[in-house]
Amino acid sequence: MCGRFMFKPTDSPEIQRIYQLALDNGYQLKSGEIFPTDQTALIVAGKKQVRIVQMPWGFPGFKEKQIIINARAETIMNKEIFADAFIKYRCVYPTSGFFEWTKDKQKIYFNYQEKPSALYIAGFYNFFDGQAKSILITTVPNASVAPIHNRMPLILKKEEINRWIYDSNFAKNLLAKQMPLLTAKKFNRINLKKYRRYGF
């Protein structure tokens with residue numbers, strides 16, 4: 001499901017650079033653990049190259065105060081609420097990893113390896129009453145996530161970002177992509193204190 005992810009500039013030079021670009025553009029990003037409706041960094045299409053913007057995470061739902069935070073890769077093109085936005089407004093979430101929960105509510109942190117690095121999640125956005133809002137894409141989990149949860153984010157390699165954003169046919173094909181194996185670790189109070197120590 002991916003109900004939260006991490007955006008922590010000190011985890012990775014890539015994330016730090018994205019964070020600094022956002023600050024230089026006048027955005028005041030939240031860092032640390034990102035929750036639905038938070039303003040977060042996104043990579044979107046510019047006129048000649050991608051650019052960094054700030055945008056809230058989550059589409060408005062069908063009921064009052066409902067938020068839709070994920071779109072299933074398998075059904076995006078079949079749902080009116082998603083299909084047009086997917087074609088027009090694809091984006092990428094730069095993260096330092098994401099979280100899933102076990103059935104007994106244990107919080108698990110996923111990244112490529114034990115030491116956090118930049119992990120890019122595919123998404124798209126749309127406009128609601130003139131405001132841009134984003135949603136991330138989930139897919140069938142691989143062997144590293146399936147024991148914990150029945151969904152996982154659609155993860156992009158850094159070199160796939162430009163084509164994901166600018167090439168619709170490439171993006172459609174990527175919806176069925178096999179996900180990379182990841183490292184999982186319990187996110188406990190010791191981890192939480194570490195992030196608080198950095199002021200997040």
Side-chain angles (χ1 to χ4, degrees), residues 1-9 15 18-19 22-23 25-45 52-110 119-141 145 148-156 164-165 171 175 187-189 191-192 195-196 199-200:
M1 174 177 164
C2 190
R4 293 182 206 163
F5 59 85
M6 189 67 73
F7 180 81
K8 185 167 176 286
I15 298 298
I18 290 168
Y19 180 67
L23 294 181
N25 288 334
Y27 297 114
Q28 296 296 320
L29 296 178
K30 179 184 176 183
S31 54
E33 188 170 350
I34 305 300
F35 292 71
T37 75
D38 281 347
Q39 296 277 352
T40 190
L42 284 184
I43 304 171
V44 302
I52 307 298
V53 300
Q54 174 181 287
M55 199 179 296
W57 173 25
F59 280 14
F62 301 104
K63 300 178 182 179
E64 187 177 359
K65 296 184 179 180
Q66 182 186 34
I67 298 295
I68 304 171
I69 61 173
N70 301 323
R72 296 172 70 97
E74 305 94 308
T75 58
I76 283 175
M77 298 309 299
N78 300 325
K79 293 191 174 182
E80 186 176 349
I81 188 176
F82 297 145
D84 188 58
F86 172 80
I87 294 299
K88 293 180 179 178
Y89 304 121
R90 287 180 304 280
C91 64
V92 175
Y93 292 79
T95 82
S96 307
F98 66 93
F99 299 101
E100 297 292 0
W101 281 259
T102 64
K103 291 181 179 179
D104 61 356
K105 307 301 181 183
Q106 175 64 58
K107 191 175 183 178
I108 307 297
Y109 170 77
F110 289 94
L119 185 149
Y120 298 100
I121 297 175
F124 55 97
Y125 64 97
N126 208 346
F127 295 88
F128 301 88
D129 296 325
Q131 183 182 11
K133 298 185 178 184
S134 64
I135 191 169
L136 62 78
I137 299 172
T138 65
T139 187
V140 177
V145 179
I148 306 300
H149 203 275
N150 63 0
R151 303 294 295 174
M152 71 180 291
L154 185 67
I155 298 170
L156 303 177
W164 168 263
I165 288 175
L175 292 174
F187 194 80
N188 54 33
R189 291 182 179 179
N191 300 127
L192 186 58
Y195 287 111
R196 283 177 176 165
F200 298 116

Contact summary for [X] and [Y], nearest pair of heavy atoms:
X      : Y      : result
Met55  : Ala132 : CG-O, 3.2 Å
Trp164 : Ala122 : CZ2-CB, 3.4 Å
Phe82  : Ile76  : CB-O, 3.8 Å
Thr139 : Pro153 : CG2-O, 4.0 Å
Gln131 : Pro56  : NE2-CG, 3.7 Å
Asn150 : Pro141 : O-CD, 3.1 Å

| said: If you count every heavy atom of other residues, nucleotides or ligands that lies below 6.0 Å from Asp104 atom CG, does the total exceed 12? | reply: yes

| Is it true that atom CD of Gln28 has more than 12 heavy atoms of other residues, nucleotides or ligands lying nearer than 6.0 Å? | no

Are side-chain heavy atoms of [X] and [Y] found at a separation under 4.5 Å?
X      : Y      : answer
Pro60  : Gln66  : no
Pro94  : Ile15  : yes
Lys133 : Phe127 : no
Val145 : Arg151 : no
Tyr19  : Ile52  : no
Phe35  : Lys30  : yes

| query | Can you list the residues that meet the side-chain hydrogen bond (donor to acceptor under 3.5 Å, both in side chains) rule with Thr95, with sequence neighbours excluded? | reply | none

[X] [atom1] to [Y] [atom2] distance, which is reported to the nearest 0.5 Å:
X      : Y      : atom1 : atom2 : answer
Leu42  : Thr40  : CG    : OG1   : 6.0 Å
Glu74  : Leu175 : CD    : CG    : 9.0 Å
Ile155 : Thr138 : CD1   : OG1   : 11.5 Å
Gln54  : Leu23  : CD    : CG    : 9.5 Å
Leu156 : Ile121 : CG    : CD1   : 9.0 Å
Ile87  : Met77  : CD1   : CE    : 4.0 Å

| request: Would you please name every residue forming a side-chain contact (heavy atoms from CB on, under 4.5 Å) with Ile67, sequence neighbours left out? | output: Thr37, Ile69

Got a sec, which residues hit ring pair (Phe, Tyr, Trp, His ring centres under 6.0 Å) with [X], two or more places apart in sequence or on another chain?
X      : answer
Tyr27  : none
Phe110 : Phe98
Tyr120 : none

| request: Please determine if Lys107 and Glu33 form a salt bridge, counting it only when a charged side-chain N lies under 4.0 Å from a carboxylate O. | output: yes

| task | Keeping the roles fixed (side chain from Asn25, backbone from Ala22), state whether a donor-acceptor pair exists under 3.5 Å. | result | no

| request: Indicate yes or no for a side-chain donor-acceptor contact from Gln106 to the backbone of Thr102 under 3.5 Å, with no hydrogens or angles considered. | output: no

| request: Run the ring-centre check on Trp57 versus Phe124 and record whether the distance is less than 6.0 Å. | output: no

| message | Does Leu136 form a side-chain contact (heavy atoms from CB on, under 4.5 Å) with Leu154? I'd like the steps, not just the answer. | response | CA-CA 8 Å; Leu136 62 78; Leu154 185 67; over 6 Å; no

| remark: The complete set of side chain to side chain donor-acceptor pair (under 3.5 Å) pairs with one or both residues in residues 79-93, sequence neighbours excluded, reads Asp84-Lys88, Arg90-Ser168, Tyr93-Ser134

| Worked verdict on Phe59 versus Asn126 for side-chain contact (heavy atoms from CB on, under 4.5 Å) | CA-CA 8 Å; Phe59 280 14; Asn126 208 346; 3.9 Å; yes

| query | When you look at Arg4 and Trp101, which way does the side-chain contact (heavy atoms from CB on, under 4.5 Å) test go after all the steps? | reply | CA-CA 10 Å; Arg4 293 182 206 163; Trp101 281 259; 3.8 Å; yes

